[in-house]
Structures are given as structure tokens and as C-alpha cells.
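A short write-up of the structure that comes next.
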There are 2 protein chains.
Amino acid sequence: MNKPLKIRKNAELRKPEILRSFYQTIIDEGLEGASIGKVARRMNIHPSLIMHYFSTKENMMTELVDYIINEYGDLLKNVSVHHDEPHERIHQLLDVLWSDEWYRKTDVSADFSMLSVSFRHEKVNRRFRHLYAQFGKFLAKELRRFMDAGIISAGDPDITAEVLVSLIEGYRHFKHFYVDSDSSERFRQEMKRAVLNMLGYRPKQAGAG
Amino acid sequence: MNKPLKIRKNAELRKPEILRSFYQTIIDEGLEGASIGKVARRMNIHPSLIMHYFSTKENMMTELVDYIINEYGDLLKNVSVHHDEPHERIHQLLDVLWSDEWYRKTDVSADFSMLSVSFRHEKVNRRFRHLYAQFGKFLAKELRRFMDAGIISAGDPDITAEVLVSLIEGYRHFKHFYVDSDSSERFRQEMKRAVLNMLGYRPKQAGAG
DNA sequence: CGCAATGAATTGAACATTCAGTTAATTAAG
DNA sequence: CTTAATTAACTGAATGTTCAATTCATTGCG
């Protein structure tokens with residue numbers, strides 16, 4: 001009889017695997033309910049294996065934040081806004097930023113826990129600041145493009161970008177309180193409308209000017 | 001010699017006292033670090049006294065959410081927007097909503113933890129929904145007032161109110177990432193400006209119309 | 001072989017909770 | 001007014017469990 005051999009993985013595979021399980025445990029039971037033991041049980045490995053890779057739980061948490069933030073960063077790099085025509089582009093951009101894919105890339109519940117940690121944990125705080133700075137830079141670049149094309153009339157694009165980030169995060173903040181999909185979709189539409197208003201967007205004229 | 005008598009308090013005094021200590025412990029050490037033992041130590045009482053009043057930790061948490069939400073509700077009831085002249089009023093309202101007092105009424109870090117809990121905990125979720133509904137109703141009433149006066153041109157005041165709530169929470173979400181007071185104040189000003197734009201606010205004409 | 005991956009066994013502290021008992025305040029009866 | 005009975009506030013000890021972490025042994029791959 002062939003005993004089911006355990007497959008040995010290297011750190012490069014195992015560490016992210018553990019982090020993903022840790023993340024899933026936080027989603028299911030909250031940060032306060034995510035112990036090393038539970039993560040190990042979920043993976044059918046020994047708790048000490050987790051300690052082997054991360055030394056301390058705090059380490060594991062910091063690395064988890066890195067992991068999540070990288071995921072989010074990837075999202076930023078791969079934003080697919082193709083249109084060059086500014087009117088098309090701004091609508092496509094907003095559609096992406098308020099898309100389900102964007103919303104679901106990370107788990108909002110777990111993100112809240114991590115944001116809470118960022119108040120007490122300098123390393124985590126720094127990582128979030130970096131992420132949001134990246135995000136702001138990306139948006140500011142887009143805003144400048146729209147301003148150059150003369151289709152919006154916002155003020156300083158860098159600050160406006162930050163306000164925009166607030167709106168996007170505020171949306172993530174609230175979305176889950178809208179239970180039925182109708183009101184959820186209406187909320188989404190209204191958010192887009194609000195952003196366009198906020199930016200002083202001038203729609204394309206249908207016929208003459 | 002008079003031995004320092006322990007003061008006996010009744011439930012009406014003791015329970016909120018415990019809740020406040022629980023809240024402070026969450027602020028200091030996170031929800032994941034807020035144990036009954038730590039709360040008791042902070043108060044110089046015995047852990048079992050906490051159990052006496054709340055039976056379970058989960059109970060205590062639900063009652064904490066009630067407590068916080070009541071605090072926030074009080075804030076709503078006591079909003080001091082006195083001006084009747086609509087232009088003055090809208091500026092005063094925004095100043096209140098983006099004031100330091102408003103921001104500091106509850107602790108954002110602890111709020112994040114509770115919001116995270118609301119994803120898994122039906123009772124907590126319901127309470128948050130109620131709070132935000134209250135908030136939305138309050139804002140919608142104000143919006144209607146401004147629309148009637150013809151100084152803004154928003155759409156459905158109820159939905160616009162919800163977008164506004166998102167913006168306010170998004171602001172709370174971000175404020176703590178702005179470390180120096182200069183950029184923090186600039187961010188605040190820009191948020192107000194964004195809201196006025198969003199609402200289609202038409203400023204008072206200085207001279208003729 | 002050598003080293004990384006993994007597992008077992010165990011530590012001591014902290015955890016929420018229970019329970020039995022004590023102390024103080026309140027009420028009612030004498 | 002005094003005192004006994006009742007109730008609520010509170011304490012202390014002990015419960016079994018889970019926690020993160022350590023130490024040391026074993027296994028398998030290159």
C-alpha cells in the first residue's frame with residue numbers, strides 16, 4: 001500500500017499559501033478570531049510550520065498586509081482603460097473604479113480590520129499610506145489628462161485625486177449595507193454621477209455647440 | 001482608621017463604565033487585544049464582575065455597539081445648525097460635518113473594528129444600518145431645504161444623502177493618513193469644495209444677478 | 001551529505017466562563 | 001428605631017480551553 005506521500009513545498013509556495021489561508025480565516029472569523037491554530041487546521045498542517053515561516057504572528061500580519069497591498073497594486077497596474085477619446089475614457093475609468101471586480105479584489109471586512117490595525121501599527125500604517133499614494137498618483141495622472149482635454153474643471157489634480165480616493169473607499173465602506181441589488185446598483189450609479197458633478201464634467205454636446 | 005471603602009455602584013452606572021473601558025481597551029490594543037481580563041485590570045475590578053453584568057463577551061460587544069451608536073445618534077440630534085438663510089446654512093452644515101468635534105466623537109480605529117464585525121454579526125449589522133439610515137434621513141431633510149431654496153441642484157435627496165454619508169465616512173477613513181495639520185486642513189477644505197460641486201451649489205451673487 | 005521542510009511534544013500564559021461565597025444596600029416586619 | 005430578610009454588587013478560586021511560542025526530532029529533496 002502506498003502511503004499518501006506529503007508533498008513538500010518550498011517557502012516561495014508555502015508562505016503565500018499560508019497568507020491566503022490566514023486572510024480567509026480573518027474573513028470568516030475576524031482578526032480577533034484568526035489564530036495560528038485555526039489557520040493551521042484549515043490547511044492540515046502543524047501550527048509550528050507557520051511559526052517556522054513567520055517566527056511571530058505579528059510578522060505574519062505585516063506580511064499579510066504586504067500581500068494584500070500587492071494584490072491591490074496589481075489591480076492598479078492592470079487597469080484596462082483603453083479609450084483615448086476623453087469622454088469615453090472618463091466613463092470607462094469610473095466604470096472600472098466602481099466595478100464589481102474592483103470591489104471584490106480584496107475583502108472589505110478584512111480590510112477594515114487591517115485599517116484598524118494601521119492606527120496602532122507603524123509598519124502597517126506606512127504600507128497603507130504607500131498604497132493610497134500610489135492610487136492617488138494614478139488618478140491624478142488621469143485627471144490631468146481630462147483637464148488638458150478640457151472636459152473637467154477640477155482644481156489641483158493631486159488633491160482632487162485624494163478626494164476621489166475617499167469617495168471610492170467610502171463607497172466600499174457602504175456597499176455591503178445595501179442588501180438588494182436594485183438599490184445597490186442605484187447607489188453605484190449615483191456615486192458615478194456625483195463624481196462627474198464634483199469634477200465639473202461637461203458632457204459632449206450631441207449636435208451643435 | 002478608615003479603610004478605603006469600595007464604592008458600590010448599580011448597574012446603571014457600572015455597565016456604561018465597563019463599556020467605556022472596553023471601548024478604550026479596543027482603541028489601545030485593537031478588538032483582537034481587548035480581553036475581559038484586560039478590561040477588568042484597567043478598572044481594578046474582578047473579571048467575573050464583567051461577566052455578572054454581560055454574561056458573555058459577545059453580549060458585551062453588542063451592547064458596546066449600541067452605546068457607541070447612541071453617542072453618534074446624540075451628535076445627530078444636537079447638530080447646531082442655526083442659520084435659516086440657506087447660503088449661510090449650507091456652509092455651517094458642512095463645517096459641522098467636517099469639524100474636529102464630529103470626527104473625534106467616536107474613535108475611527110475602533111469604528112473600523114466594529115464595521116468589520118458587522119460583516120459577520122447580524123445584530124451589529126442591523127444596528128449600523130439603523131444608524132446610517134438615521135444619518136441619511138437627517139441629511140436628506142437638509143438637502144430638501146436647500147433644493148426648495150433653489151441653491152443646489154441635486155437629484156433625489158434621499159440618494160444624494162447616501163452619497164454624502166459615503167463622502168463623510170470616506171473622509172473619516174482617510175483623515176488619519178494625513179499627518180501634518182497643513183495638508184490635513186487642505187484635504188478638509190477640498191472635501192467641502194467637492195461636496196458643494198457635487199450638489200450643484202450656486203453661490204450667492206455678490207452684486208446684481 | 002546537508003539543509004530546508006515538517007511534525008511532535010510541550011511550555012506557560014492568557015483566555016472566557018462558572019460557581020460558590022461574601023459584602024453592602026434596600027426593604028419589610030416587629 | 002431596630003433588626004431580620006431579601007436582593008444586588010462584588011470577589012476569589014478554579015474550570016477547561018486555546019493561545020503563541022520553543023525545542024527537538026524526523027523526513028525528504030537536491
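Throughout, a chain's letter reflects where its sequence line sits, starting with A, and its residues are numbered from 1.
The side chain of B:His52 places no N or O atom within less than 4.0 Å of a non-bridging phosphate oxygen (OP1 or OP2) of D:dC10. Proximity of B:Tyr53 to the phosphate of D:dA8: no side-chain N or O atom is located under 4.0 Å from OP1 or OP2. The shortest distance between the side-chain N/O atoms of B:Arg14 and the OP1/OP2 oxygens of D:dC10 is below 4.0 Å.
Residues satisfying the salt bridge (Lys or Arg N to Asp or Glu O under 4.0 Å) criterion with B:Arg129, sequence neighbours excluded, are absent altogether. For A:His176, the ring pair (Phe, Tyr, Trp, His ring centres under 6.0 Å) test picks out B:Phe119, with sequence neighbours left out. Listed by chain and number, the residues in a side chain to side chain donor-acceptor pair (under 3.5 Å) with B:Ser153 amount to none (sequence neighbours excluded). Residues satisfying the ring pair (Phe, Tyr, Trp, His ring centres under 6.0 Å) test with A:Tyr201, not counting sequence neighbours, are A:His87, A:His91. The ring pair (Phe, Tyr, Trp, His ring centres under 6.0 Å) search around A:Tyr72 returns A:Trp102, not counting sequence neighbours.
Atoms CG (B:Leu49) and P (D:dA13) sit 16 Å apart, rounded to a whole Å. Remark: P of C:dG7 and CD1 of A:Ile18 are 11 Å apart, rounded to the nearest angstrom. One can place CD of A:Glu17 at 13 Å from P of C:dA5, the figure rounded to the nearest angstrom. Taking atom CD of residue B:Glu32 and atom C1' of nucleotide D:dC19, one finds them 14 Å apart after rounding to whole Å. For the pair B:Ile50 CD1 and C:dT18 P, the interatomic distance rounds to 15 Å; values are reported in whole Å. Protein atom CD1 of A:Ile45 is 16 Å distant from nucleotide atom C1' of D:dT27, rounded to whole Å.
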Are there any protein N/O atoms within less than 3.5 Å of an N/O atom in nucleotides 13-17 of chain C, and if so, which ones and at what distance?
from	atom 1	to	atom 2	distance (Å)
C:dC15	OP1	B:Ser35	OG	2.7
C:dC15	OP2	B:Ser35	OG	3.4
C:dA16	OP1	B:Ile36	N	3.2
C:dA16	OP1	B:Lys57	NZ	3.0
C:dA16	OP2	B:Ile36	N	3.0
C:dT17	OP2	B:Lys57	N	2.9

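Proximity of the aromatic rings of A:Tyr23 and A:Tyr67 is defined here by a centroid distance below 6.0 angstrom, and this criterion is not met.
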